[in-house]
Novice: 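The following block contains the structure, expressed as structure tokens.
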Amino acid sequence: MAVTLDLDDIQGLFARGYGQLKAAQFTLFAAADQAAARALLSWLLPRVTTAGAFSADSAWQVAYTAGGLRRLGLPPATVGRFSAEFVGGMADPNRSRILGDVEESGPRHWAWGGPQSPPIDGMLLVYAVDQAALQRHREELRGQFDALGIHTVADLDTLESARTEPFGFRDGISQPLVDGLPKATAGERTVPPGEFVLGYPNAYGLLTDRPLLPASEDPRRLLPPDVGGSGAADLGRNGSYLVVRQLAQDVEAFWRYAQEATARPDGSADPDAPVALAAKMVGRWPGGAPLVKAPDRDDPGLGTDNDFGYHHTDPLGLACPLGAHVRRVNPRDSLDPRPGSDASLDVNDRHRLLRRGRSYGPSTAGSAGPNGNGTGETGAGETGTGQTGTGENGAGGTGTGQTGAGENGAGGTGLHFLCLAGNLARQFEFVQHTWLNNPTFRGGYDDTDPVVGGRHPSGGTFTAPARPVRRRYRDLPQFVRTRGGGYFFLPGISALRYLEQLPAGEPQP
Ligand code: HEM
């Protein structure tokens, strides 16, 4: 069903990852008071780039936490109309258990977003063509922050957008095609927009829950009316929930494990085996080719291939293990009921994520890969990532990774994982908890995601189905740790205008 999206009222991140804008910084901020928060928003409003207007030079996006909305003067009862996950925040202790943010990944160890770090009102996402242009925006922003009384909680620097994440694998290949966006061409399977932006039909054919206000709370009629016909003003329409997680990657441990686990009985190394094992863990080769289509070796011709299912070609996981990263986080046609059918894909559509992350840290060129030569067969010398998709979203080209870790960030190397969702619990939290971090996923018993998953202190297991017998890799260390995180709301432009003019209220924490 073709849906008409109000692209001029939706922030651009919904439509694109700004891959062409190779330099980016995510700034977490807090305002001294409501006046400062409003003044910042007034300054930002003309700069915020919409999904309808692509800018080739720079892009600005702004997202708020529940606390940030209160700071702008939104009454707590109105904030309470947003989803419980957003209002409770990512660092809530119950949520930490669901997300696997425990032990070293627990919020009390986070560099930002946890109980030990200052509260965050919002995040500004600034994209520019190159580092020099980004630096100019940074200085402009710093000047405004100083003038308005805005405090920088953390500057999350990113590597220049390129195709490869720090472990050395091509990233940003597979994204849901959203109905109503120009990239969705006729005949291709699309996901309904309500899965990612509020106020439109979702994968159930319903309007996802969103904050609806009595019309009396919007006397100037700034907000769009509820398309459900209730007469309410829709504060959520054209907005999305934004998940942000700083995921530190232990690149050295990843490749050391791949090497040690594949050493021959006499201790000598099999030169191709570490990359082959790592590819089994990811579900794609470093160059991007999916294992279901290229089971034995990387195939540069399939580097961006995304046209496959699992059930008919590889039901047992002999090519792409059932527990591989990409097969867990998007099982495609493997789900009940009736794996291999449209009914299976319909269920899968309810758990999609629109990824918008970028890598951070010193350049990994020359360090990723078992031999310190990039990624084995392909991708040597490429750095950084954008989980920014292809085509208009595409990163294209290679980066040089000129930027280091954020001023207040944790240092190290990793991924600033960002994704948009219409329903945090059903999409991001479900994928993270029930698929990615689930030790009993698809018949495993101690197998969390081999690349990203949490582990017991004693390590985990990765099972690669094979004939005549499956191969079990034991004592997998934890390669990825959470270093910060938060749930944000990326409002539509009308909602930003509404938030900008709220009357002065009680001082908010
Ligand atoms: C540092 C952590 C992570 C790394 C290194 C990583 C790496 C990758 C790589 C190399 C791919 C294949 C490229 C592609 O299909 O676009 C991929 C795909 C994907 N990842 Fe991750 N990822 C990480 C964290 C996560 C997390 C936390 C989630 C979700 C909770 C996630 C969800 C996805 C999804 C949905 C896909 C697309 C799968 C598909 O559609 O086939 N990733 N990731």
Side-chain angles (χ1 to χ4, degrees), residues 17 19 90 98-101 105 163-177 189 191 195-196 243-251 253-254 278-279 281-293 302-310 320 324-334 345 348-349 351-361 364 368 375 379 382 384-390 393-395 412-421 424 427-438 448-454 478-483 485:
M90 191 185 278
I98 294 172
L99 299 178
D101 290 333
S105 286
R163 289 186 304 199
T164 310
E165 55 73 40
F167 290 143
F169 285 77
R170 186 171 185 149
D171 203 357
I173 304 166
S174 175
Q175 294 279 18
L177 282 175
R189 189 181 174 87
V191 180
E195 289 300 303
F196 308 109
V243 177
V244 183
R245 281 164 81 74
Q246 181 170 343
L247 301 176
Q249 295 177 239
D250 191 340
V251 176
F254 181 83
M281 290 158 69
V282 172
R284 287 187 182 265
W285 290 92
L291 263 75
V292 271
K293 288 196 167 175
L302 295 175
T304 55
D305 191 289
N306 202 28
D307 184 18
F308 58 89
Y310 294 112
C320 178
H325 177 63
V326 299
R327 197 162 176 168
R328 279 174 184 264
V329 289
N330 182 10
R332 301 184 183 224
D333 62 349
S334 311
L345 290 167
N348 194 54
D349 281 351
H351 308 291
R352 302 301 306 277
L353 305 172
L354 209 46
R355 290 174 300 142
R356 295 293 186 237
R358 295 212 176 191
S359 292
Y360 68 89
T364 51
T375 56
E382 288 181 352
T385 187
Q387 293 195 9
T388 46
T390 49
N393 288 341
T413 300
L415 174 65
H416 290 310
F417 175 87
L418 269 63
C419 74
L420 298 179
L424 291 168
Q427 293 168 270
F428 168 68
E429 293 191 347
F430 179 91
V431 172
Q432 174 80 15
H433 170 265
T434 309
W435 289 346
L436 192 147
N437 258 333
N438 180 358
T448 56
D449 185 301
V451 184
V452 186
Q478 189 160 334
F479 305 120
V480 170
R481 289 180 179 76
T482 316
R483 301 291 296 118

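Count residues from 1 along the sequence. Counting starts at 1 for both ligands and their atoms, following the listed order.
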Novice: Which of the atoms in ligand 1, numbered in the order shown and given with their element, are less than 4.0 Å from a heavy-atom of Phe169?
Specialist: 10 (C)
Novice: Establish, from distance only, whether the side-chain atoms of Asn437 and Arg328 form a donor-acceptor pair under 3.5 Å.
Specialist: no
Novice: Counting heavy atoms only, which of Val329, Asp449, Asn348 is nearest atom 32 (C) of ligand 1?
Specialist: Val329
Novice: Output yes when Lys293 and Asp305 qualify as a salt bridge under the 4.0 Å nitrogen-oxygen rule, no when they do not.
Specialist: yes
Novice: Please identify which atoms of ligand 1 are closer than 4.0 Å to at least one heavy atom of Glu165.
Specialist: 5 (C)
Novice: Work out whether the distance between some heavy atom of Arg170 and some atom of ligand 1 is less than 4.0 Å.
Specialist: yes
Novice: Are any of the N/O atoms in His325 less than 3.5 Å from those in ligand 1?
Specialist: yes
Novice: For the pair Gln427 (side chain) and Ala421 (backbone), establish whether a donor and an acceptor sit closer than 3.5 Å, ignoring hydrogens and angles.
Specialist: no
Novice: Hey, is the main chain of Val251 close enough, under 3.5 Å, to the side chain of Gln249 for a donor-acceptor pair?
Specialist: no
Novice: Answer yes or no: does an N/O atom from Ser174 fall short of 3.5 Å to an N/O atom of ligand 1?
Specialist: yes
Novice: For ligand 1, which atoms, with element, lie under 4.0 Å from some heavy atom of Phe428?
Specialist: 30 (C)
Novice: After noting the C-alpha distance and the side-chain angles of Val452 and Phe479, does the key distance pass the side chain to side chain contact (heavy atoms under 4.5 Å, CB included) rule?
Specialist: CA-CA 7 Å; Val452 186; Phe479 305 120; over 6 Å; no
Novice: Show me which atoms of ligand 1 lie under 4.0 Å from any heavy atom of Leu415.
Specialist: 1 (C), 2 (C), 3 (C), 23 (C)
Novice: Keeping the roles fixed (side chain from Gln432, backbone from Leu99), state whether a donor-acceptor pair exists under 3.5 Å.
Specialist: yes
Novice: Is there at least one pair of N or O atoms, one from Phe167 and one from ligand 1, spaced under 3.5 Å apart?
Specialist: no
Novice: Under 3.5 Å between any N/O of Asn330 and any N/O of ligand 1: does that happen in this structure?
Specialist: yes
Novice: Out of Gln432, His416, Gln246, Arg327, whose heavy atom is nearest to atom 30 (C) of ligand 1?
Specialist: Gln432
Novice: Measuring from the heavy atoms of Gly172, does anything fall under 4.0 Å of ligand 1?
Specialist: yes
Novice: Is a side-chain donor or acceptor of Thr434 paired with a backbone partner of Val431 at a separation under 3.5 angstrom?
Specialist: no
Novice: Regarding ligand 1, does Arg355 bring an N or O atom to under 3.5 Å of one of the ligand's N or O atoms?
Specialist: yes
Novice: Is the NZ or CZ atom of Arg355 positioned over Phe417's six-membered ring, under 6.0 angstrom from the centre and within 45° of the axis?
Specialist: no
Novice: Between Arg245 and Thr482, is there a donor-acceptor pair closer than 3.5 Å when you use the side chain of the first and the backbone of the second?
Specialist: no
Novice: Show the atoms of ligand 1 that are less than 4.0 angstrom away from any heavy atom in Leu353.
Specialist: 29 (C)
Novice: Run the contact test for Arg332 against ligand 1 with a 4.0 Å cut-off on heavy atoms, strictly below, and give the result.
Specialist: yes
Novice: Using a heavy-atom cut-off of under 4.0 Å, does the side chain or the backbone of Arg284 touch ligand 1, or both, or neither?
Specialist: side chain
